**Student:** 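Quick one: this structure, given as structure tokens, is what I'll be asking you about.
Remember, predicted model here, so these are calculated numbers, not experimental data.
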Amino acid sequence: MQIFSSMKLLSTTLVAFLFVLASPAQQQQLYSQIFTDSVMATILLPLGHASPRTYQMLNRTDTWQLRRFYFKPPGPGQHQEGMNPNAYNDTLLQLLITKDEWNMLAHRGLVQQPAKIKRPPSNVVLVDSTHTPERDVFFSITKPVFYKNWALIDMTYYQRDEGRTLPAQCYQGQALFVFIKQSKHKWELVRVLNRFVL
């Protein structure tokens with residue numbers, strides 16, 4: 001009985017672990033829904049840029065930041081606008097995702113580790129983060145995080161300026177993408193939160 005219970009626990013843990021991870025094909029499917037002209041226009045047009053034929057993206061995924069999930073009050077000398085408040089302040093998002101679901105998405109996102117992107121969309125060119133990208137605007141992105149019928153992806157976009165060319169030097173903003181599962185292999189982008197400026 002004890003052996004059976006241990007095997008059952010191991011099986012449950014393995015299934016849960018696999019559920020957190022996205023296959024390269026599934027990850028590519030979600031990324032492809034982001035890198036479309038209509039979606040990217042919501043990010044690029046406010047920056048004064050039209051959607052290009054191809055997009056430049058750093059070749060390693062970002063880590064999820066705690067402040068994307070939970071509010072962090074401004075520190076001394078910091079303004080509220082620069083603190084990037086958590087996305088769950090969004091009223092529509094609160095109607096879509098329960099607090100418990102949000103907490104589980106946060107837990108799964110915060111344990112992810114950066115990794116090389118293996119299968120970018122066909123209109124995305126990967127660049128090494130240690131090099132200077134050629135474009136005035138370029139991007140980095142997290143791996144998807146999954147829970148139940150929800151998936152989240154966080155994107156950072158970088159605006160080059162004179163004297164600011166490497167990612168760490170550029171002006172930055174962030175956008176959160178919310179997906180809902182429609183069927184076993186199909187996800188739909190239902191919400192884009194692009195109001196966080198660093």
**Student:** Look only at the side chain of Asn194 and the backbone of Thr42, and say whether a donor-acceptor pair between them is shorter than 3.5 Å.
**Tutor:**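 Yes, the answer is positive, given that a donor and an acceptor are paired below the 3.5 Å cut-off.
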**Student:** Could you grab the distance from atom CG of Leu126 to atom CZ of Arg60, nearest 0.5 Å is fine?
**Tutor:**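 Leu126 CG to Arg60 CZ: 12.0 Å, rounded to 0.5 Å.
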**Student:** Nearest 0.5 Å, please: how far is OG1 in Thr63 from CG in Asp154?
**Tutor:**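 Rounded to the nearest 0.5 Å, the CG-OG1 separation comes to 9.5 Å.
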**Student:** Measuring only between side-chain heavy atoms, which start at C-beta, is Leu189 closer than 4.5 Å to Val39?
**Tutor:**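 Yes, side chains in contact.
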**Student:** Do Met57 and Ile117 make a side-chain contact, defined as non-hydrogen atoms from C-beta onward lying under 4.5 Å apart?
**Tutor:**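 In contact.
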**Student:** Is the backbone N or O of Phe146 less than 3.5 Å from a side-chain atom of Arg108, with the two atoms forming a donor-acceptor pair by type?
**Tutor:**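 Such a contact is found between Arg108 side chain and Phe146 backbone.
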**Student:** Would a 4.5 Å heavy-atom cut-off, applied to side chains only, mark Val178 and Leu93 as touching?
**Tutor:**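 Yes - at least one pair of side-chain heavy atoms lies under 4.5 Å apart.
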**Student:** Any salt bridge linking Lys143 with Asp62? Criterion: basic side-chain nitrogen under 4.0 Å from a carboxylate oxygen.
**Tutor:**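 No, Lys143 and Asp62 are not salt-bridged.
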**Student:** Just verifying a value: how many Å separate Asn59 CG and Asp128 CG, rounded to the nearest 0.5 Å?
**Tutor:**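 The CG atom of Asn59 sits 5.0 Å away from the CG atom of Asp128.
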**Student:** For the pair Phe35 and Phe139, name the ring-plane relationship: parallel under 30°, tilted 30 to 60°, perpendicular over 60°.
**Tutor:**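 Because their plane-to-plane angle is over 60°, the rings of Phe35 and Phe139 count as perpendicular.
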**Student:** So Phe177 and Val190, do their side chains get closer than 4.5 Å, heavy atoms only?
**Tutor:**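 Val190 vs Phe177: side chains apart.
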**Student:** Leu44 and Ser51: which non-hydrogen atoms are nearest, and at how many Å?
**Tutor:**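 Result for this residue pair: CD1-CA, 3.8 Å.
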**Student:** Just so I know, are the side chains of Met40 and Ile34 near enough to count as touching, which here means a heavy-atom distance under 4.5 Å?
**Tutor:**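 When only atoms from C-beta onward are counted, Ile34 and Met40 do touch, with a gap below 4.5 Å.
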**Student:** Quick one: does any side-chain atom of Ser140 pair with a main-chain N or O of Leu58 as donor and acceptor, under 3.5 Å?
**Tutor:**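 It does not hold such a pair.
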**Student:** Could you tell me the separation between the CD1 atom of Ile97 and the CG atom of Asn149, rounded to the nearest 0.5 Å?
**Tutor:**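 Nearest 0.5 Å value for the CD1-CG distance: 10.5 Å.
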**Student:** Are the side chain of Gln112 and the backbone N or O of Pro144 linked by a donor-acceptor pair below 3.5 Å?
**Tutor:**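 Yes, because the side chain of Gln112 sits within donor-acceptor range (under 3.5 Å) of the backbone of Pro144.
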**Student:** Between Gln29 (side chain only) and Trp187 (backbone N and O only), is there a donor and an acceptor less than 3.5 Å apart?
**Tutor:**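 It does hold such a pair.
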**Student:** Whether the Asn103 and Tyr70 side chains hold a donor-acceptor pair (N or O, under 3.5 Å, no angle test) is what I'd like checked.
**Tutor:**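 Yes - a donor-acceptor pair under 3.5 Å links their side chains.
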**Student:** Looking at side-chain heavy atoms only, is the closest gap between Met155 and Ile153 below 4.5 Å?
**Tutor:**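 When only atoms from C-beta onward are counted, Ile153 and Met155 do not touch, as no gap falls below 4.5 Å.
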**Student:** Can you confirm whether or not the ring centre of Phe69 sits under 6.0 Å from the ring centre of Trp102?
**Tutor:**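 Yes, ring centres under 6.0 Å apart.
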**Student:** Please name the pair of heavy atoms, one in Ala151 and one in Leu30, separated by the smallest distance, quoted to 0.1 Å.
**Tutor:**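 Looks like CB-CD1, 4.3 Å.
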**Student:** Out of curiosity, Thr61 OG1 to Lys116 NZ, how far, rounded to the nearest 0.5 Å?
**Tutor:**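 Going from OG1 on Thr61 over to NZ on Lys116, the span is 12.0 Å.
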**Student:** Show the nearest heavy-atom pair for residues Val145 and Gly109, with the distance to one decimal.
**Tutor:**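 Result for this residue pair: CG2-N, 3.4 Å.
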**Student:** Quick check against the 3.5 Å criterion: does Ser32 have a side-chain atom that pairs as donor or acceptor with the backbone of Pro121?
**Tutor:**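 No; zero donor-acceptor contacts below 3.5 Å.
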**Student:** Using side-chain heavy atoms (C-beta onward) and a distance below 4.5 Å, is Arg68 in contact with Leu152?
**Tutor:**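 Side-chain contact under 4.5 Å: no.
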**Student:** Closest approach of Thr156 and Gln174, non-hydrogen atoms and distance?
**Tutor:**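 Residues Thr156 and Gln174, closest heavy atoms: OG1-NE2, 3.3 Å.
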**Student:** Do any N or O atoms from the side chain of Gln159 and from the backbone of Val137 form a donor-acceptor pair under 3.5 angstrom?
**Tutor:**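 Absent.
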